[in-house]
Amino acid sequence: MAVDNHKLTPVLIGIHLVALPMYTRLPPYVLLLIVSFTIWTLLIIADRTKQPISFVRILLAMAVLASLLVSYGSIFGQAPGTAMLLMLSFLKLFEMKSKRDVLLVIFLGYFLLATNFFHSQSPWVAVYVFVVVIYLTSLLIIFSDRLSSTSFKTRIKISARMTMQAIPLMLILFVLFPRIPGPLWSLPKDVKSAMTGVGDEMSPGSINNLISSGAVAFRVQFKGEAPEQKDLYWRGVVLSHYDGHTWTRDDAPAQLQPSVTYRGADAKIIDYTIMLEPHGRKWLYSLETLVANEGAYVVTRELQVLANEKIKSVLFYTMNSNLHAVNEGLNEEGKKKNLSLPQRLNQRTIALAKQLRLKAGNEIAFVDLVLDYFRTQPFSYTLSPPLLGDNAMDDFIFNSQRGFCEHYSSAFVYLMRSAGVPARVVVGYQGGTINPVDDYMIVRQSDAHAWTEIWLDDKGWVRIDPTAAVSPDRIDYGIANAGLEEARLPSFLVSNSEFLLQLRYTIDSFNHNWNKWVVGFNDKKQKQLFELLGVDDIDKATLFSWMVLAMTLSGGLLALWIFNRSGKKSRRDVAAYYYDVFCQKLEKAGLFKAPSESANEFLARVVQVVPELEQKASFITHCYQRIRYGGHDSEDQKKQFVHAVKQFQLVRTAKKREALK
């Protein structure tokens, strides 16, 4: 049976609702094709053009493939695969030959809707997906209702009721489905996958560009009291190689392990759990100095914590740190690496370093002199530093003297290496804000920071933060109190509204608990849940058996409730429903029943306008009145009434249409 083109409008709307969260991520060529397909479909619906022939559809499919190759360089991977399925959904609207074609598009819409969780598992996305599922289900009702007897409002109500009835089954699957560590499937790596947060290299401007973002980098739950603000250095990546413009990683060989020591009164361990937001890279963040971690993570010689895969979903992990622990890992190869400098660059900086080193006499005094140089010279801490030339260190130290943390850490390491002191840059976050609603710490992208480490023979690697010499308030009180340009900071940091601040904390608390108990409900949390219920060492086979049993029982109870509810329908329900169907059929012919009009009055008016309907309309009206008001509710009576309504049709000739007008 051919599909009425006018029924494609709600399907087209459904595809756009499915794709709405994707539009900000789709490349221009793909968006251009989607807009073109949409306009073409609207012209078909309006009978302004016909569906394209097979040859044209083949050309359009080739255009889809070309746009994917130009935009992504491949048709494989999450992003190009999702974009291809989306565009094919629009293309399918050009060959709607049967109901099966429509159902294919709708079911593809369900799948595409689920792909939104590849990019965000926030509660707001979940609510949006839930609403669109209701709409897509209402589309199934449209194409299952051959008599077109349901209104949009009725279809939405039925769809919402069906979705709500599925929630108990969904909860059973969520709690009892055996959890498998890691993702359920692996997809090819995207050629152009989006990344957020701190990167694995640092150049002028790479960190201060993050400061205007209020996005959450991670949340921290301390087991006990949180350290002071000045001690909150969240270590991410260590950068040892410098080419004159950019600092990059140059990790020690994997077989070299870190050498961390701590003793006596300084042996207090800080226990904390981090909920890391997806950032598309492998490294994790830890409070300096890491001494132990729970999980299969690699800890490098530089005390970087690396996961096996890129972090593409919310990750929970527990760490142990000690503020006074020392990393004593450095060999000759590492020493050489952390003393290297690009040749024939920044000669004035090198000369300054040698001058201060000669004046100092020892390494600790030299560090103090360099920091004092930053304090006493007219250096300023700013988010809008000028561009630097080829001799970037000379330009910064002797000319502009305006920069952000990456400028000061880079200059400090350069000065240290120039004087023979091994040094390197560490990039991560500094600080954090306690959420008073739920008593956990929020670390945002605006807390991104760079600092340095120097090697002292009798102390190991020692953290030095040159930014503290220029802007001590940045370290002691956070980025909001560093005296930076307010226009570049996130609005919530400079807002004076207590109401908005409290609202933001409340929303973040909701997000935190959603991630903790829904997104983060993994195999460990599932095991902990059953241990709380007194069930220890439950295996996956038992879980699966319980799940099947619970699904069977809940499905049976749900079916029993539905049948019982339908069996208890009153005479009024059956009569009113099918009488409404009868009235809706007459409405299509221009005969509308007034709210104040009785059934007999409406019948008289119908017979007056279309006399040949008298027999059928009278039979339906009288059956309706007998069932609803007269107590004649026998099964035979109801069957005759329902059959008469379903068979009722208003045949309209040109003459009759004129009479109706």
Side-chain angles (χ1 to χ4, degrees), residues 77-78 81-82 107 110-123 125-126 129-130 133 162-189 218-219 221 223 271-278 282 284 292-299 305-320 511-560:
Q78 276 187 18
T82 303
F107 286 122
Y110 283 115
F111 177 80
L112 287 171
L113 190 60
T115 64
N116 286 300
F117 289 119
F118 287 155
H119 305 277
S120 174
Q121 296 90 35
S122 74
V125 172
V129 167
F130 187 82
V133 162
M162 293 169 64
T163 307
M164 295 297 290
Q165 289 168 351
I167 287 180
L169 303 179
M170 178 190 72
L171 293 175
I172 290 171
L173 287 171
F174 177 76
V175 174
L176 293 179
F177 190 85
R179 289 302 198 270
I180 302 171
L184 290 177
W185 62 82
S186 296
L187 291 175
K189 296 179 180 179
F218 53 90
R219 300 175 177 88
Q221 191 84 54
K223 192 175 182 179
D271 189 358
Y272 55 97
T273 298
I274 289 181
M275 185 188 73
L276 180 63
E277 293 291 325
K282 288 187 177 183
L284 281 59
N293 74 92
E294 294 181 9
Y297 306 121
V298 175
V299 181
V305 185
L306 304 177
N308 294 323
E309 299 289 340
K310 292 181 179 180
I311 310 302
K312 293 185 177 181
S313 61
V314 175
L315 178 67
F316 285 80
Y317 57 94
T318 299
M319 296 284 186
N320 301 122
N511 284 327
H512 171 67
N513 284 289
W514 170 268
N515 287 333
K516 185 176 181 180
W517 298 109
V518 179
V519 178
F521 190 77
N522 54 19
D523 56 323
K524 292 181 180 179
K525 278 194 167 59
Q526 189 180 49
K527 184 178 179 181
Q528 291 171 2
L529 174 63
F530 284 102
E531 287 175 351
L532 288 174
L533 297 175
V535 182
D536 296 328
D537 297 326
I538 187 169
D539 56 34
K540 289 181 172 57
T542 304
L543 270 178
F544 187 79
S545 301
W546 287 8
M547 182 188 71
V548 172
L549 179 62
M551 292 281 288
T552 303
L553 289 175
S554 61
L557 290 173
L558 180 61
L560 184 63

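- Legend: residues meeting side chain to side chain donor-acceptor pair (under 3.5 Å) with Ser122, ordered by chain and number and at least two apart, are Ser120.
- The side-chain contact (heavy atoms from CB on, under 4.5 Å) check on Leu532 picks up nothing, with sequence neighbours excluded.
- For Ser554, the side-chain contact (heavy atoms from CB on, under 4.5 Å) partners two or more places apart in sequence, or in a different chain, are Leu169, Ile172.
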**Request:** List the steps, then state whether side-chain contact (heavy atoms from CB on, under 4.5 Å) holds for Lys527 with Ile538.
**Result:** CA-CA 7 Å; Lys527 184 178 179 181; Ile538 187 169; 5.6 Å; no
Listed pairs under 3.5 Å, donor-acceptor, residues 543-552 side chains, sequence neighbours left out:
| residue | atom | partner | partner atom | Å |
| --- | --- | --- | --- | --- |
| Ser545 | OG | Ala541 | O | 3.0 |
| Thr552 | OG1 | Val548 | O | 2.7 |

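- Residues satisfying the side-chain contact (heavy atoms from CB on, under 4.5 Å) test with Asn320, not counting sequence neighbours, are Ile269, Asp271, Val291, Ala292.
- For the pair Ile274 and Leu284, the minimum side-chain heavy-atom distance is 4.5 Å or more.
- The side chain to side chain donor-acceptor pair (under 3.5 Å) search around Tyr317 returns none, not counting sequence neighbours.
- Taking the side chain as every heavy atom from C-beta outward, Trp517 and Leu529 never approach each other to under 4.5 Å.
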**Prompt:** Do Lys312 and Phe118 pass the side-chain contact (heavy atoms from CB on, under 4.5 Å) test, and can you show the C-alpha distance, the side-chain angles, and the key distance before you say yes or no?
**Reply:** CA-CA 8 Å; Lys312 293 185 177 181; Phe118 287 155; over 6 Å; no
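- Trp514 has its side chain within reach of Val519: a pair of non-hydrogen atoms, C-beta onward, lies under 4.5 Å apart.
- Considering only heavy atoms from C-beta on, Met319 comes within 4.5 Å of Val305 through its side chain.
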Ignoring hydrogens and angles, write down the donor-acceptor pairs under 3.5 Å from the side chains of residues 110-117, residues two or more places apart or on other chains.
| residue | atom | partner | partner atom | Å |
| --- | --- | --- | --- | --- |
| Tyr110 | OH | Thr137 | N | 3.2 |
| Tyr110 | OH | Thr137 | OG1 | 2.8 |
| Thr115 | OG1 | Leu112 | O | 2.5 |
| Asn116 | ND2 | Leu113 | O | 3.1 |

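- For Glu277, the side-chain contact (heavy atoms from CB on, under 4.5 Å) test picks out Val216, Arg219, Met275, Val314, Asn515, with sequence neighbours left out.
- The side chain to side chain donor-acceptor pair (under 3.5 Å) search around Thr163 returns none, not counting sequence neighbours.
- Every residue meeting the ring-ring contact (aromatic ring centres under 6.0 Å, His included) condition with Phe521, not counting sequence neighbours, appears here in chain and number order: Phe174.
- Residues Ser313 and Pro278 come closest through the heavy atom pair N-CB, 3.6 Å.
- Counting all heavy atoms, side chain and backbone alike, Phe130 lies closest to Met164 at CZ-SD, 3.9 Å.
- Taking Asn308 as the reference, nothing meets the side chain to side chain donor-acceptor pair (under 3.5 Å) condition, with sequence neighbours excluded.
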